[in-house]
Protein chains: 2
Amino acid sequence: MPQKPIICTIDVVLLCLQGSALHVALLKRDKPPFEGGYALPGGFIHPEEDADTLDAAARMLNEKTGIASPYLEQLCTFSGAARDPRGWSISIVYYALVPAELIKPDRAPGLQLQPVDQLRTLPFDHKEIVLAAVERVRSKSSYSSLPVYLCGEQFTLPRLQAVYEAILGEPINKVSFRRKMDELDMLEPVEGALEAGRANRPAQLYRLKNQYRNRLSLSGRAMTANSDH
Amino acid sequence: MPQKPIICTIDVVLLCLQGSALHVALLKRDKPPFEGGYALPGGFIHPEEDADTLDAAARMLNEKTGIASPYLEQLCTFSGAARDPRGWSISIVYYALVPAELIKPDRAPGLQLQPVDQLRTLPFDHKEIVLAAVERVRSKSSYSSLPVYLCGEQFTLPRLQAVYEAILGEPINKVSFRRKMDELDMLEPVEGALEAGRANRPAQLYRLKNQYRNRLSLSGRAMTANSDH
DNA sequence: CAAATAGTGTCTATAAGACATTATTGG
DNA sequence: CCAATAATGTCTTATAGACACTATTTG
């Protein structure tokens with residue numbers, strides 16, 4: 001009955017922190033439509049290869065950026081007649097968070113990091129998609145351990161607090177923050193490891209407890225009284 | 001390249017409250033696979049007719065159950081090689097909440113309401129889908145006005161509190177509940193309308209403020225300290 | 001007026017935030 | 001010792017919950 005089949009793709013919003021600004025990874029497109037433009041890494045499902053769309057997203061991310069992200073979650077599906085000039089399409093979108101050091105531009109030709117808060121227009125509805133992913137990350141960060149995925153293996157509490165503040169966009173009370181980290185019960189100190197080097201008391205290094213390597217730790221109460229869930 | 005195209009469908013989880021138990025609407029399937037089994041209302045996208053998948057979900061819900069739900073939101077997309085015997089498939093799932101009175105079995109042949117907390121195995125991965133929808137509803141209910149969609153046009157505060165308690169599965173402090181409703185600022189009293197009839201002080205009837213007819217009101221803090229977001 | 005439930009006032013407990021103090025480093 | 005920042009103790013403020021009291025109806 002339908003003349004044209006529905007175009008069915010996967011896109012991945014790969015986020016990292018540079019300085020205190022959240023950035024998204026964009027790739028130069030090497031075929032039409034929007035050839036030469038920068039867009040989200042994405043592509044078609046390979047039914048023979050991918051068990052499901054999460055699988056497909058992980059494969060795509062790895063193929064296009066060389067990254068195997070420990071955190072990769074479905075955002076939602078964007079769809080409709082208007083979003084792709086080729087026809088009626090859907091895109092099942094996943095998002096990933098990684099430390100910026102993990103993104104090696106030489107490993108991925110045509111890769112570019114753009115700050116999400118001053119994004120130019122992107123091909124398809126990719127700007128809208130990125131903004132939806134950022135909103136999700138900001139919202140989840142206020143009651144979960146999500147931002148630790150933006151840090152490396154080991155990090156200090158002041159560093160982690162700075163990461164939370166960068167995402168939430170507002171300062172957090174130091175005592176409350178440490179109480180909350182304690183309550184989330186996801187961190188363990190790296191015995192004897194301190195971050196020295198500067199002219200002050202060195203900070204204790206922490207790492208994620210094993211059980212939270214691939215799972216979020218959740219808190220009943222939000223970090224700050226922000227109203228966007 | 002791909003021998004078989006990906007099977008691309010929409011499913012809708014329609015929820016309502018009967019007594020104090022959340023129920024899901026299931027339809028008797030009139031074609032294979034799983035012919036004769038009870039499954040979620042769903043079907044194929046009509047690219048000529050539907051502007052996007054939300055549109056398709058609304059159409060499908062209306063065609064199959066006769067209901068035009070004011071609240072219809074995307075849950076997420078289920079996918080993979082294993083979930084449909086016909087082949088590699090995706091299902092973009094939406095969920096809706098309506099007052100039970102709105103579901104008229106005579107209007108929809110083969111429709112059945114099942115309590116979500118004692119669900120038997122369903123065709124495809126529909127049981128998993130229902131459980132995911134219920135978890136989303138429970139989680140969102142703890143910090144939003146979502147449960148009002150399970151009430152009719154007008155309702156009393158004790159009734160609304162009972163609806164919240166039915167969804168969250170635990171009693172709520174009356175004073176806290178009323179403070180929260182006040183804070184959400186989504187209700188207005190229906191002037192002069194009281195729910196009389198019983199041998200006690202009659203309760204004030206309320207309705208949703210106009211601006212929240214099709215939008216949730218959100219609170220920064222959760223209703224109860226439940227840890228599943 | 002007794003029973004029943006609506007609606008409100010107020011005290012207590014808990015959690016968040018402000019602020020100050022101590023700790024530990026390099027120079 | 002001074003500057004800088006980590007880490008923690010403690011007081012204040014805000015929010016949530018317990019409980020009791022008043023209000024309004026039917027029979």
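Chain letters run A, B, ... following the sequence lines, proteins first, then strands; residues in each count from 1.
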NZ on B:Lys127 to CD on B:Gln114, rounded to 0.5 Å: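 Nearest 0.5 Å value for the CD-NZ distance: 11.0 Å.
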Residue pair B:Ile103 / B:Thr65, side-chain heavy-atom distance below 4.5 Å: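 No; the side chains remain at least 4.5 Å from each other.
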Any B:Gln74 side-chain heavy atom under 4.5 Å of B:Ile92 side chain: yes
A:Lys209 atom NZ, over 12 foreign heavy atoms within 6.0 Å: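 Counting neighbours around NZ of A:Lys209, more than 12 heavy atoms of other residues, nucleotides or ligands fall under 6.0 Å, so yes.
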Touch class at under 4.0 angstrom, heavy-atom based, for B:Arg198 against every strand present: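 If one applies the 4.0 Å heavy-atom cut-off, B:Arg198 turns out to touch the sugar-phosphate alone, with no base involved.
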From [atom1] of [X] over to [atom2] of [N], roughly how many Å is that when rounded to an integer?
X: B:Tyr164; N: D:dA16; atom1: OH; atom2: P; value: 14 Å
X: B:Gln161; N: C:dA6; atom1: CD; atom2: C1'; value: 11 Å
X: A:Met181; N: C:dG17; atom1: CE; atom2: C1'; value: 16 Å
X: A:Phe155; N: D:dA6; atom1: CZ; atom2: P; value: 15 Å
X: A:Glu170; N: C:dA16; atom1: CD; atom2: P; value: 15 Å
X: B:Gln204; N: C:dT5; atom1: CD; atom2: P; value: 19 Å
X: B:Arg221; N: C:dG17; atom1: CZ; atom2: C1'; value: 11 Å
X: A:Arg179; N: D:dA7; atom1: CZ; atom2: P; value: 16 Å

For nucleotides 21-23 of chain D, tabulate all protein N/O to nucleotide N/O atom pairs closer than 3.5 Å, reporting atom names and distance.
{"residue": "D:dA23", "atom": "O4'", "partner": "B:Arg201", "partner atom": "NH1", "Å": "3.1"}

B:Asn173 side-chain N/O to D:dA18 phosphate OP1/OP2 under 4.0 Å: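 The answer is yes; a side-chain N or O of B:Asn173 sits under 4.0 Å from OP1 or OP2.
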Of the listed nucleotides D:dA6, D:dT25, C:dA18, the one nearest the side chain of A:Pro158: D:dA6
Options C:dA4, C:dG7, C:dT24, nucleotide nearest the side-chain atoms of B:Asn200: C:dA4
Side chain A:Tyr94, main chain A:Leu54, donor-acceptor under 3.5 Å: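 It does hold such a pair.
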Shortest non-hydrogen contact between B:Gly42 and B:Met60, atoms and distance: C-SD, 3.2 Å
Side-chain donor-acceptor contact under 3.5 Å, B:Glu183 with B:Ser219: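 Yes, side-chain donor-acceptor contact under 3.5 Å.
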